[in-house]
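Side chains included, hydrogens not; waters and symmetry mates left out as well; all remaining heavy atoms used. Both ligands and their constituent atoms are indexed starting at 1 by order of listing. This is a predicted model, so every value here is computed, not measured. One-based numbering along the sequence shown.
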Amino acid sequence: MAEILAVGEAMDRALALLEGGEVVAIPTETVYGLAGDATNGIGVARIFEAKGRPRFNPLIAHVADMAMAERIALFDPLSRKLAQAFWPGPLTLVLPQRPGNGIHPLVTAGLDTIALRMPRGFGGDLIGRLGRPLAAPSANSSGKISATTAQAVAADLGARIRLVVDGGATPVGLESTIVKAEGNTLRLLRPGGIAAEEIEAATGMALLRGGGAGVEAPGMLASHYAPGAAVRLNAETVGEGEALLAFGVRRAQGWQSATAFLNLSQTGDLREAASGLFAAMQELDRSGARTIAVEPIPFDGLGEAINDRLARAAAPRDKILPPT
Ligand code: AMP
Ligand code: MG
């Protein structure tokens with residue numbers, strides 16, 4: 001069962017767990033977050049595992065200050081103005097990533113943009129002490145509503161995580177508002193803790209709505225997800241000119257003739273496989289193979305999200321899988 005520690009006594013324990021690639025539930029002004037080091041693939045994989053999320057959708061990365069934010073993302077003037085007006089606070093900005101920022105690709109589901117937020121209070125202090133951003137979706141199991149008290153987090157996730165930091169009931173109680181600057185316009189991607197009217201008043205601009213829904217639904221992001229190579233799932237054999245994405249110890253027949261070869265996890269560890277998935281797909285794609293054959297991957301635990309991601313990559317390119 002997770003330990004529950006008050007904010008005043010939780011800092012060192014939370015830091016030690018995060019340093020070790022573990023996840024920690026923390027209070028923020030919006031709802032409780034399930035936080036992991038955004039630069040550590042195993043830590044990020046554990047977030048999906050603890051939540052039981054059936055797919056890898058992009059997570060919000062949380063920063064301590066503007067300097068950290070600028071190291072991660074490229075700010076246009078409009079986004080910078082919003083950050084100055086509303087950070088720290090319940091506003092998330094979607095921005096282009098700065099190349100080489102160290103953010104693990106599982107945080108952004110392989111996208112070249114990143115959702116960034118600067119939380120108030122314990123979360124901000126913790127990130128400052130860690131010196132690295134935290135990826136954190138809401139601290140609830142997939143499909144359940146967001147938790148706004150430490151007790152609700154513990155009741156839901158207590159058996160799967162080590163520490164819940166208790167900061168009392170979260171003041172806002174709603175998720176953050178997500179906004180993206182598009183040229184000289186601003187689009188509301190998700191309504192949340194800061195009213196659209198407040199953002200409109202601060203910028204003197206009307207927020208565009210709709211259209212952005214597609215960005216929130218990873219299934220619609222087919223072009224970002226699809227490698228150039230075709231993808232063939234559950235491969236028991238390797239064909240002519242195919243690269244092989246392997247899993248575990250049992251090899252597909254003819255694996256020696258694969259044009260390129262990577263194993264997601266020699267030991268069959270789904271957490272390791274999840275954390276390496278995006279990089280492996282990119283690397284095999286860059287090898288120039290016509291097709292990437294993928295060995296069978298079990299569906300339990302993180303395997304469901306891994307298989308979901310692979311099915312999307314394997315779907316015909318003119319077909320956009322519906323979001324769930
Ligand atoms: P959660 O962390 O569960 O509150 O949800 C994060 C929200 O941010 C989801 O709706 C994501 O789809 C959205 N999001 C995260 N990263 C991006 C991004 N790079 N572009 C657009 N939306 C994003
Ligand atoms: Mg949530």
Spacing of [X] atom [atom1] and [Y] atom [atom2] [to the nearest 0.5 Å]:
X      : Y      : atom1 : atom2 : answer
Asn140 : Ile145 : CG    : CD1   : 8.0 Å
Glu22  : Arg13  : CD    : CZ    : 8.5 Å
Thr28  : Ile26  : OG1   : CD1   : 7.0 Å

Please verify whether a non-hydrogen atom of [X] lies at under 4.0 Å from ligand 1.
X      : value
Thr108 : no
Lys51  : no
Ile60  : yes

Below 2.8 Å, any N, O or S contact between Ser138 and the Mg ion (ligand 2)?
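Yes, Ser138 qualifies, because one of its backbone or side-chain N, O or S atoms lies under 2.8 Å.
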
Compare [options] and give the one whose heavy atom is closest to [atom].
atom                    : options                        : answer
atom 15 (C) of ligand 1 : Ala136, Ala73, Ala115          : Ala115
atom 2 (O) of ligand 1  : Pro96, Pro137, Ser142          : Pro137
atom 4 (O) of ligand 1  : Glu175, Arg187, Arg190, Arg117 : Arg190

Which residue, Lys180, Glu182, Arg187, Arg190, forms the side chain to side chain contact (heavy atoms under 4.5 Å, CB included) with Val94?
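Only match with Val94 under side chain to side chain contact (heavy atoms under 4.5 Å, CB included): Lys180.
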
Checking side chain to side chain contact (heavy atoms under 4.5 Å, CB included) against Leu310, which of Ile292, Asn234, Leu233 comes through?
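Result: among Ile292, Asn234, Leu233, Leu233 is the only option passing the side chain to side chain contact (heavy atoms under 4.5 Å, CB included) with Leu310.
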
Is any side-chain heavy atom of Ile103 closer than 4.5 Å to one of Ile72?
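Touching, per the 4.5 Å side-chain cut-off.
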
Please tell me if the side chains of Thr148 and Val172 come closer than 4.5 Å, counting only heavy atoms from C-beta onward.
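They are not in contact (no side-chain heavy atoms under 4.5 Å apart), so the answer is no.
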
Using a strict 4.0 Å cut-off to heavy atoms of [X], name the atoms of ligand 1 that fall inside it.
X      : value
Arg53  : 3 (O)
Val94  : 18 (C), 20 (N), 21 (C)
Ile178 : 7 (C), 8 (O), 13 (C)

N or O pair under 3.5 Å between Thr113 and ligand 1
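Yes.
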
Ionic contact status for Arg251 with Glu236, cut-off 4.0 Å
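Result for this pair is no, no salt bridge flagged.
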
